[in-house]
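Structure first, commentary second.
Ligands are counted one by one from 1 in listed order, and the atoms in each one are counted from 1 as well. Every value quoted in this text rests on a predicted model; they were computed, and no experiment measured them.
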Amino acid sequence: MTRADDTPDKASAAPLHMIDIIRKKRDGGALSEREIRFVANGAASGSIPLEQLAAWLMAAWIKGLSLDETRALTLAMRDSGEKFSPVRLGKTAVDKHSSGGVGDKTSFLVAPLAAACGVAVPMISGRALGHTGGTLDKLESIPGYRTALSLDEFESVLKQCGASIVSQTPALVPADRILYALRDRTGTVENPSLICASILSKKLAAGLDALVLDVKTGSGAFLRDVRQAEFLAALMVATAEMAGTRTVALLTDMGQPLGRAAGNWIELVESIELLRGKQPAEGPESNFDLRELSLILAGWMIHLGGKADTPESGYERAEAALMDGSALRIFFEMVEAQGGDVSVFHDAEKFHKPGVTEVVTAWESGFIAEMDTTALGWAVQRLGAGREKAGEPVDPHAGILFHARRGAQVKRGEPLATLYATSAAQLAEPREILCQAITLSKDPPHAVVPLVSRIFTRDSAEKYLQNAVR
Ligand code: URA
């Protein structure tokens, strides 16, 4: 059992015990700031064993954390390690973070797009979590790319390129590094307070001036229900603003994978095609949504970073940086500065060497009416793109390429998706999941789902929370 008293809060001198904190949360009690700091510091230092942290996470998941507890956890996790100060960059520091989705690769587009328009993007990201892919795992499919940089290296890449995408480390948000990996393995991901603390601890530790949050709704989101997603968006905006970071949250559609590719390397390939100025694919496999959402998010970043009067003019600036190749140049510079070999992008198809490939075809003619995107995300993870145990390597080439997307009309026998895995034995379960997850119907889906359904700013977030907790 852990026993320590390592918090600055002097309200009580009594020593804290992790077992008491677990039991208190299990029984629905409200934890004090001191108790929450004890948990975050104990996770970061390793003084609390993983089984106790896992039990606490499950108790917090089931009983929930109040607004005060959520704020305390966010700040304690932010403070669990060193913090980055972007002041020496001489630019406004702005970032984007998503609440987690399938095929969500906008970071590879928005970071260089915003950097090309004059803001600094110090991005601390995560690995695959639950059914969703991880930005770091995707980047590490580039041979040599280092995600665990020291703060000095982080600053030097940012000075050179304007953007840098790195991981939590034992020095940088160590509490999230431990709790994130543990949540992934213990079924404790889908909770608004835990998601808020995880995301914002990283973003606040990066010293951002402004933040754009992409909160997913629909079948592939951690919080599928629109009310829960709205609550998460409002909670994160209010918490980040309270900590001094100007923040907006966009509620965006995750009722299907974003773009065509879901996996590791194949997501980078799709992103680079768009950064090369290629127009989105046409027809049933169109990835217009990926390009559009990336430009909208980058537009907000550029606006909040003071480089455009409105998000719409930010969008136009981002589109110009996409079309003139400046964002692509920045992305390649960043990859090289972090040790990555950009030559793999010269012939991306040649570098793609999955162990096995299988094309899944339509079992009847009809329209793709629905996609259970969480199930599709699990199929991608089980092809080898994600891990069963914390710390396991992932297969850079595993994943799914979709040939037809929601609303598309397909004929029996036409390709729906291509699966990539390491070995043939890994194909059966994902194939079965995929066939169950796609609903083919005689009629086209009647509802057109907007890409962005709602935007929360500080004022609307606070009003929303006041009504929600009343
Ligand atoms: N992204 C994070 O960093 N943490 C979460 O909990 C979910 C998405």
Can [X] and [Y] be counted as an ion pair, charged N to O under 4.0 angstrom?
X    : Y    : result
R127 : E140 : yes
E270 : K105 : yes
D289 : R405 : yes
K24  : E35  : yes
R406 : E370 : no

> Which pairs with one or both residues in residues 194-205 pass salt bridge (charged side-chain N to carboxylate O under 4.0 Å, His left out), sequence neighbours excluded?
Replying inline: D95-K203, D176-K202
> Name the residues in contact with ligand 1, where contact means a heavy atom under 4.0 Å away: which are they?
Replying inline: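 Within 4.0 Å of ligand 1, the protein residues are H97, S98, S99, L129, Y180, R183, I195, S198, I199, K202.
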